[in-house]
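One structure is given here, and the rest of the page talks about it.
Protein chains get the first letters and strands the later ones, always in sequence-line order, with residue 1 at the start of each. Hydrogens, waters and symmetry mates play no part in the numbers below; they use all other heavy atoms, side chains included.
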2 protein chains.
Amino acid sequence: MTSNRDAVLAAAQRTLNVDPGASVADIAQAAGVSRATVHRHFESREALLVELGTRSLDQWEQRMDAGDLEAVAASGDAARIRALLEALVRGYVEDADTYGFALTDHVILANADLVARTERLADRETGLFVAAQAAGVLSPALPGRWFGHAVYGLLVAGREAVRLGDVAPREAADLVLTTLFSGITAPSSTAPSSTAPSSTAPGAPA
Amino acid sequence: MTSNRDAVLAAAQRTLNVDPGASVADIAQAAGVSRATVHRHFESREALLVELGTRSLDQWEQRMDAGDLEAVAASGDAARIRALLEALVRGYVEDADTYGFALTDHVILANADLVARTERLADRETGLFVAAQAAGVLSPALPGRWFGHAVYGLLVAGREAVRLGDVAPREAADLVLTTLFSGITAPSSTAPSSTAPSSTAPGAPA
DNA sequence: CTCATCTGCGACATTGATGTCGCATTCCGA
DNA sequence: TCGGAATGCGACATCAATGTCGCAGATGAG
């Protein structure tokens, strides 16, 4: 059984979220095993990080699979596209809670394989964004590649806001989503916020 | 004269923007001096990073000073507030070009003094955001502390998008601004985009 | 010209972290 | 019960990066 291997991964994930520069020794301690044991399971610190990074990309991919991304994109159905976008982002915010450190970890971001795979997944996601533009859901004025970056940036923002205690973990998804979709300006005059996330409006009782 | 000291700082800034984990040796090489010389000017690698971080905070502070932040906030004048917000963000995007690495550098982000000063500056900025809410410029539904994070996140996004070549450096500011203010959804039907940045719309001829 | 100061550098010392190795212990299946 | 495969660990070896020290050349005021 890989019981302890998973324990190490879990500990690493927890530890790195607090201190992204944590050493193998720190991680081993958090996992309650010796440093050598960590090295039995992972050839190097980088290998450990790469595995975590891979898992975070797995989650991303699963989110897109689960949402049937290509089918929804091809459907051209504005409502479906819109709903999928929202579901994806909510999912990402949730995942960021676990793998958030991977968003900005330099070791992970420098690994060629992960970078390549990230690119492929981003391309795939961009397909949805572009379809969303065609369906009138997303602004046609923005470059297709930008959307993914915007999502990424707001994930980082949400994570940081929660980490610093500026927003409650529960609020994060709504904030990210509202900001992403509608921006931060006040809804123009009295018009109903037709572009706000469908679910609970931020500020409403949770 | 501190000629070479400045040269080291400049080299560090350049080098770190490419490889955030660059060693003192890397920086020294980029500056065309020996490693020991770097250490003559900066007690430690951390001290060097802290100085760069300090300078980036100086810029932030200067932007707020230059915009007369408190006066504008107190004025309650929606147009002035709105204009200042836009000017600030444009300024930040420009600064991120130079000090971008500081946005996510773990050494800098872990330094107590810099964190404390960042907090103070963020509080100051939040004053403007809250005034903007009162003036009807920013959404009253969002928590005051969120705005700063949203700006931060989109700066990271813009920086990354430019770094990866997904958007032209010239476009970055418009993209960040539009996304921040109006989000990424298509303007609801045919209504004039009353909340879009006042200057050049993204996509318009530069 | 001369001394004092500043700047730079090569060589050394130290440190923290990484990764390896052989031995002990546990956990099965036969 | 027995044997081997897997797991864990302490101790060691290595390495990369940091930081220190004393000497050498430049610079500049007097």
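- Distance alone, capped at 3.5 Å, places no donor-acceptor pair between the A/Asn17 side chain and the A/Arg14 backbone.
- Residue B/Ser23 has its side chain nearest to D/dT18 when only C/dC9, D/dC9, D/dT18 are considered.
- Distance A/Leu49 CG to C/dA17 P: 15 Å, rounded to the nearest Å.
- A salt bridge links B/Arg55 with B/Glu51: at least one charged nitrogen is closer than 4.0 Å to a carboxylate oxygen.
- Of the candidate nucleotides C/dG19, D/dG8, C/dC9, D/dG8 has the atom nearest to the side chain of A/His41.
- The distance between atom CG of B/Asp19 and atom C1' of D/dA17, rounded to the nearest whole Å, is 14 Å.
- To the nearest angstrom, P of D/dT18 lies 12 Å from CD of B/Glu46.
- Rounded to whole Å, atom P of C/dT18 lies 6 Å from atom NE2 of A/His39.
- Distance B/Ile27 CD1 to D/dA17 P: 12 Å, rounded to the nearest Å.
- Atom CD of B/Glu46 and atom CG of B/Asn111 lie 5.5 Å apart (nearest 0.5 Å).
- Heavy-atom nearest nucleotides on DNA chain D were determined for B/Arg40 and for B/Glu43, and the one closer to the 5' end corresponds to B/Glu43.
- Checking D/dC9, C/dC9, C/dC12 against the side-chain heavy atoms of B/Arg35 singles out C/dC12 as nearest.
- What separates CG of A/Asn4 from C1' of C/dT26 is a distance of 12 Å, to the nearest Å.
- Contact of B/Arg45 with D/dG19 (side chain to base): no donor-acceptor pair of N or O atoms is detected under 3.5 Å.
- Minimum atom distance to the side chain of A/Thr37 is reached by D/dC9, of the listed D/dA17, D/dC9, C/dG8.
- Between A/Asp95 and A/Arg159 there is no salt bridge, since no side-chain N of the basic residue sits under 4.0 Å from a carboxylate O of the acidic one.
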